[in-house]
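Structure, as structure tokens:
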Amino acid sequence: MRRFILWVLMVIAMVAVLLGAAAAFLYSRTGEDALPQEAVAFGETELEPNGWDWVVPVLGDAVSKTYQSPTNLTVQKLGTFTDTVPQLSLPAWVTRAEVTITAPDGTEWNADAETCNTYTYAQNGDYELEVTAWHEQDEPSGDARGWYAYRASYTMQLAPTVTLSSERAAQGSVVALQLSGILDGEPSLETDLGSVWFRKTAGGYMGYIPVTYNAESGDHTMALTCGSLTRELTLTVSKTEYGNVTSEPDEETGGAEEFRNAIWPLYTSGDSEKLWSGAFQRPSTSAVACPYGAVYMVDGQRSGQSTGLTYDAAVGETITAPQSGEVVFAGNLTLTGGTVVIDHGCGVKSYLFGLESVAAERGQTVATGDAVGTAGETHDLIYELRIGNKSVDPEKAIAGSSGLQFRESE
């Protein structure tokens with residue numbers, strides 16, 4: 001019995017020695033190549049770690065090897081960015097990250113791995129970047145766990161860029177105006193074409209210039225101002241040949257002052273955010289009886305032009321919202337019957353006139369295709385699309401070819 005016990009002890013000792021030798025061998029063979037090798041990059045430049053703390057499993061959870069280097073004040077210089085906004089690229093091994101960008105004025109912006117590329121640069125100058133990237137999952141088994149720290153400096157010298165969706169536009173069009181780069185103010189545009197509203201984008205601003213049916217053909221000089229940026233732009237308007245439509249003389253129904261009091265204030269008010277998305281939709285499935293810009297002829301004489309689309313809508317047909325937005329007017333007017341106005345943001349509004357019944361309410365949020373009323377026979381169903389007080393051709397927005405759809409994702 002004593003011999004058996006001694007034999008068992010000797011086996012255990014030998015196993016322990018072998019395990020110890022194996023652990024020592026594996027420990028000696030475990031080097032820094034076991035740490036994540038793919039680098040974090042900023043603006044396509046690989047960042048150099050200036051501190052780290054890693055634990056590498058050697059023999060399961062029983063034995064591990066540690067690699068440590070305290071962070072220091074060394075700053076990697078990345079140079080100057082003049083053409084593009086630099087992006088932070090995190091490799092696949094990063095499971096968590098903390099990012100801090102310090103602006104020239106000392107303000108700090110903090111983000112994580114999901115939001116690290118959403119920073120908006122508001123000024124040129126010298127910036128500092130600090131990144132800590134972790135790998136905290138033991139997956140696959142045996143992965144090193146820990147973090148690298150990075151510190152870098154760079155200079156932004158981005159000149160503002162101004163882009164028109166088109167330098168030539170036909171009457172009835174919308175032209176988008178995009179400002180990008182580092183801007184030190186809010187934009188404004190002086191033009192005889194109409195009021196231009198701007199919305200904030202991730203990279204700057206986007207505005208929409210209305211070119212209405214009777215805009216003078218030829219070159220239009222526009223003065224753009226945005227903080228210290230001043231730019232003179234030229235937009236060339238081409239004439240659209242509109243057809244004639246024979247019309248009956250208008251009956252005097254009154255209500256002009258009521259209409260002005262209810263509708264005109266909407267031309268200069270509204271949401272500054274963009275509420276539409278993609279192409280607009282026809283409010284009626286019926287045929288268009290009178291297109292945008294058509295010249296009304298009464299007794300052989302010119303009597304104005306169409307500022308919208310007139311539909312040959314059947315009595316009782318459901319009329320729907322052409323795009324998403326907020327209802328800013330819903331009610332009956334003597335001049336136009338049932339009337340619904342939808343604010344799509346950025347000065348863009350849909351005006352639906354001639355409804356028999358109104359199903360929308362002021363302040364209601366509607367989505368594209370939501371019912372807003374029904375057609376009747378007392379009034380013609382008319383759809384106007386306006387930016388400010390200037391009408392534009394709804395057909396272009398419905399086709400998705402309007403400036404309203406220019407670079408929508410930006």
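All of these numbers come straight from a predicted model, not from anything done at the bench. Just so it is clear, the values below take in all heavy atoms, side chains as well, and ignore hydrogens, waters and symmetry mates.
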Exercise for review: Without swapping roles, check the side chain of S166 against the backbone of A169 for a donor-acceptor pair under 3.5 Å.
Suggested key: no

Practice item. Quick one: list whatever passes ring-ring contact (aromatic ring centres under 6.0 Å, His included) with F81, sequence neighbours left out. Key: Y154

Check your understanding: Would a distance-only check, ignoring hydrogens and angles, find a side-chain to backbone donor-acceptor pair under 3.5 Å from D343 to D271?
Key -> yes

Check your understanding: Roughly how far, to the nearest 0.5 Å, is CH2 of W93 from OH of Y148?
Key -> 6.5 Å

**Study point:** Listed partners of E408 passing side-chain contact (heavy atoms from CB on, under 4.5 Å), at least two apart
**Key:** K274, W276, Q405

Revision key, fill the gap. F329 and A262 have their tightest heavy-atom pair at CE1-CB, 3.9 Å

Review point. Does the T240 side chain pair with the main chain of Y242, one donor and one acceptor, at a distance under 3.5 Å?
Key: no

Exercise for review: With side-chain hydrogen bond (donor to acceptor under 3.5 Å, both in side chains) as the test, would you mind laying out the steps for E326 and T365 before giving the verdict?
Suggested key: CA-CA 5 Å; E326 180 185 349; T365 298; 5.9 Å; no

Review point. For residues 85-102, which residue pairs qualify under salt bridge (Lys or Arg N to Asp or Glu O under 4.0 Å), counting only residues two or more places apart or in two chains?
Key: R96-E98, R96-E136

Practice item. Starting at CZ of F353, measure out to CG of L381 and round the result to the nearest 0.5 Å. Key: 11.0 Å

Practice item. Please name all residues satisfying side-chain contact (heavy atoms from CB on, under 4.5 Å) with T318, sequence neighbours left out, ordered by chain then number. Key: T320, A371

Review point. Does atom CD of Q123 have more than 12 heavy-atom neighbours from other groups under 6.0 Å away?
Key: yes

Point to revise | Donor-acceptor side-chain pairing of S324 and T368 below 3.5 angstrom | key: no

Check your understanding: How would you list, by chain and number, every residue that makes a side-chain contact (heavy atoms from CB on, under 4.5 Å) with T102, sequence neighbours excluded?
Key -> T100, E108, E128

Point to revise | Where at least one partner belongs to residues 292-326, residue pairs that pass ring-ring contact (aromatic ring centres under 6.0 Å, His included), sequence neighbours excluded | key: none

Contacts under 3.5 angstrom, residues 225-238 side chains, donor-acceptor by atom type, not counting sequence neighbours:
from	atom 1	to	atom 2	distance (Å)
S228	OG	D184	OD1	3.3
S228	OG	D184	OD2	2.7
T236	OG1	D219	OD1	2.7

Exercise for review: Output yes when a side-chain donor or acceptor of N50 lies under 3.5 Å from a complementary backbone atom of N72, and no otherwise.
Suggested key: yes

Check your understanding: So, the side chain of S165 versus the backbone of G403: is there a donor-acceptor pair under 3.5 Å, distance only?
Key -> no

Point to revise | Side chains of D112 and V99 in contact at under 4.5 Å (non-hydrogen atoms) | key: no

Point to revise | Chi angles and distances behind the side-chain contact (heavy atoms from CB on, under 4.5 Å) call for V174, V211 | key: CA-CA 6 Å; V174 177; V211 183; over 6 Å; no

Check your understanding: Heavy atoms, side chains only, cut-off 4.5 Å: are V196 and T191 in contact?
Key -> yes

Check your understanding: With a 4.5 Å limit on heavy-atom distance, are the side chains of W134 and V94 in contact?
Key -> no

Point to revise | Main-chain N/O of L404 paired with S402 side-chain donor or acceptor, under 3.5 Å | key: yes

**Study point:** Test item: L158 and N124 side chains (from C-beta on) under 4.5 Å apart, heavy atoms
**Key:** yes

Check your understanding: Got a second to check how far Q87's CD is from N117's CG, nearest 0.5 Å?
Key -> 4.0 Å

Check your understanding: Which pair of non-hydrogen atoms, one from A133 and one from Y150, has the smallest distance, and what is that distance?
Key -> CB-CE1, 4.4 Å

Practice item. Calculate, to the nearest 0.5 Å, the distance between atoms CG and CG belonging to L47 and L78 respectively. Key: 6.0 Å

Point to revise | Sub-4.5 Å side-chain heavy-atom contact between V348 and L275 | key: no

Exercise for review: Evaluate the criterion side-chain contact (heavy atoms from CB on, under 4.5 Å) for residue pair V366 and I342; output intermediate values, then yes/no.
Suggested key: CA-CA 8 Å; V366 293; I342 303 171; 4.0 Å; yes

Study note, to complete from the structure: Between G194 and P210 the two heavy atoms that sit nearest each other are CA-CG, 4.2 Å

**Study point:** Contact check, side chains of F198 and S272, non-hydrogen atoms, under 4.5 Å
**Key:** no

Exercise for review: Grab the two heavy atoms, one from P283 and one from P322, that are nearest each other, plus how far apart they are.
Suggested key: CB-CG, 4.3 Å

Practice item. For T336 and T339, test the side chains for any donor-to-acceptor distance below 3.5 angstrom and give the result as yes or no. Key: yes

Review point. Between S64 (side chain) and P57 (backbone), is there a donor-acceptor pair under 3.5 Å?
Key: no

Review point. Do you see a donor-acceptor pair shorter than 3.5 Å between the side chains of Q178 and R407?
Key: yes

Check your understanding: Would you find a donor on one side and an acceptor on the other, under 3.5 Å apart, between the side chain of Q171 and the backbone of A215?
Key -> yes

Exercise for review: Could you list all the ring-ring contact (aromatic ring centres under 6.0 Å, His included) pairs where at least one residue sits in residues 95-119, not counting sequence neighbours?
Suggested key: W109-Y119, Y119-Y121

Exercise for review: Determine yes or no for a side-chain-to-main-chain donor-acceptor pair under 3.5 angstrom, with D380 supplying the side chain and I382 the backbone.
Suggested key: no

Practice item. Enumerate the residue pairs fulfilling ring-ring contact (aromatic ring centres under 6.0 Å, His included) with a member in residues 364-410, sequence neighbours excluded, ordered by first and then second residue. Key: none

Check your understanding: Less than 4.5 Å apart, any side-chain heavy atom of T66 and any of D53?
Key -> yes

Point to revise | More than 12 heavy atoms of other groups within 6.0 Å of E216 CD | key: no

**Study point:** Stepwise side-chain contact (heavy atoms from CB on, under 4.5 Å) check, L355 with T374
**Key:** CA-CA 6 Å; L355 299 172; T374 59; over 6 Å; no

Exercise for review: Could you tell me the separation between the NE2 atom of H344 and the CD atom of E273, rounded to the nearest 0.5 Å?
Suggested key: 15.5 Å

**Study point:** Selection residues 384-402 - residue pairs positive for salt bridge (Lys or Arg N to Asp or Glu O under 4.0 Å), sequence neighbours left out
**Key:** R282-E395, E384-R386

Practice item. Could you give me the CA-CA distance, side-chain angles and deciding distance for R151 and L73, then say whether side-chain contact (heavy atoms from CB on, under 4.5 Å) is met? Key: CA-CA 8 Å; R151 176 176 290 178; L73 299 179; 3.4 Å; yes

Practice item. Locate the shortest heavy-atom distance separating G204 from L183; write the atom from each residue and the value. Key: CA-CD1, 4.0 Å

Review point. For N214, does its backbone N or O pair with a side-chain atom of T212 as donor and acceptor, under 3.5 Å?
Key: no

**Study point:** Atom CD of Q281: over 12 foreign heavy atoms under 6.0 Å
**Key:** yes

Check your understanding: Are T285 and E317 close enough that a side-chain donor and a side-chain acceptor fall under 3.5 Å?
Key -> yes

Review point. Just wondering, do V340 and V358 contact through their side chains at under 4.5 Å, heavy atoms?
Key: yes

Check your understanding: For the atom pair OG (S153) and NZ (K77), what is the distance rounded to the nearest 0.5 Å?
Key -> 4.5 Å

Exercise for review: Sorted by first residue and then second, give each salt bridge (Lys or Arg N to Asp or Glu O under 4.0 Å) pair with at least one member in residues 348-367; sequence neighbours left out.
Suggested key: none

Study note, to complete from the structure: T120 meets the side-chain contact (heavy atoms from CB on, under 4.5 Å) criterion, sequence neighbours left out, with K200

